[in-house]
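Convention: sequence-line order gives letters A, B, ...; per-chain numbering from 1. Scope of the values below: all heavy atoms of this structure, side chains included, with no hydrogens, waters or symmetry mates.
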Amino acid sequence: AQTVTQSQPEMSVQEAETVTLSCTYDTSESDYYLFWYKQPPSRQMILVIRQEAYKQQNATENRFSVNFQKAAKSFSLKISDSQLGDAAMYFCAYKGREGKLTFGQGTILTVHP
Amino acid sequence: EPEVTQTPSHQVTQMGQEVILRCVPISNHLYFYWYRQILGQKVEFLVSFYNNEISEKSEIFDDQFSVERPDGSNFTLKIRSTKLEDSAMYFCASIQGADYGYTFGSGTRLTVV
């Protein structure tokens with residue numbers, strides 16, 4: 001079974017600075033997808049970014065980018081120019097052949113003004 | 001942008017009662033999912049549904065739970081004889097195909113008292 005591990009229960013960053021959230025996963029599959037979801041206090045799940053495992057190029061969405069290291073099974077999220085609205089719980093998630101999402105434990109991000 | 005709609009947003013029920021959580025997936029999506037998030041914990045997979053039948057279910061999804069798509073648009077999760085530990089946020093999600101990303105609903109917060 002696949003597992004996803006987020007080793008940072010909490011992280012904090014100053015507004016306008018950069019922060020990196022870590023995620024590692026374990027799988028025997030070669031084709032899969034990785035996601036970062038943001039969960040604000042409203043508890044809605046908002047897709048931040050996705051990465052296909054067969055793509056070597058790291059995904060980027062505006063201020064959000066990933067560092068995907070397939071051999072190391074690492075998938076970190078970098079948030080540049082952090083904004084107060086970025087404060088939320090962030091979940092890393094894996095989707096393999098079965099189609100279901102397996103989530104990490106989450107990282108609470110605090111943004112200080 | 002198309003949305004997954006969940007109702008109600010919050011439901012309070014007495015222990016032992018039956019509840020039905022409703023979801024309207026995006027119309028051209030083919031795969032439907034229910035996930036659960038106990039407060040402060042990670043998001044857990046419950047069940048996936050494709051072609052009018054369950055395609056996969058987790059250990060959590062025991063005989064207490066059932067899903068159905070009664071009219072081709074709604075997708076429901078029924079919890080029979082609710083327990084205190086069923087209190088959680090329940091998310092519905094749908095995807096167009098296996099290679100696509102998820103769209104989550106805004107969730108139903110279930111409180112069992």
| request: Tell me, for Q6(A) versus chain B, whether the close heavy atoms (under 4.5 Å) come from the side chain, the backbone, both or neither. | output: neither

| said: Among A93(A), G106(A), G99(A), which residue has the highest count of heavy-atom pairs closer than 4.5 Å to chain B? | reply: G99(A)

| message | Cation-pi check for Y33(A) against K95(A): NZ or CZ below 6.0 Å from the six-membered ring centre and within 45 degrees of the axis, yes or no? | response | yes

| request: Return the minimal non-hydrogen interatomic distance between E85(B) and R36(B), and the atom names on each side. | output: O-NH1, 4.3 Å

| field | Residue L39(B) versus chain A: region with a heavy atom under 4.5 Å | value | both

| task | Give a yes or no on this: more than 12 heavy atoms of other residues, nucleotides or ligands lie within 6.0 Å of atom CD of E18(B). | result | yes

| task | For chain A, find which of Y33(B), Y102(B), F45(B), Y35(B) contributes the most heavy-atom pairs closer than 4.5 angstrom. | result | Y102(B)

| said: Does any part of the side chain of I49(A), heavy atoms only, come nearer than 4.5 Å to the side chain of L34(A), both counted from C-beta? | reply: no

| With distance as the sole criterion, is a donor-acceptor pair present between the side chains of E29(A) and Y94(A) under 3.5 Å? | yes

| query | By a 4.5 Å heavy-atom criterion (distance strictly below it), what part of Q37(B) contacts chain A: side chain, backbone, both, or neither? | reply | both

| query | If you count heavy-atom pairs under 4.5 Å with chain B, which of M89(A), Q44(A), M45(A) comes out on top? | reply | M45(A)

| So which of F103(A), F35(A), F91(A) has the biggest tally of heavy-atom pairs under 4.5 Å with chain B? | F103(A)

| message | Which atoms of S48(B) are under 4.5 Å from chain A, going by heavy atoms: the side chain, the backbone, both sets, or neither? | response | neither

| message | Other residues, nucleotides and ligands only: do more than 12 of their heavy atoms fall within 6.0 Å of CZ on R22(B)? | response | no

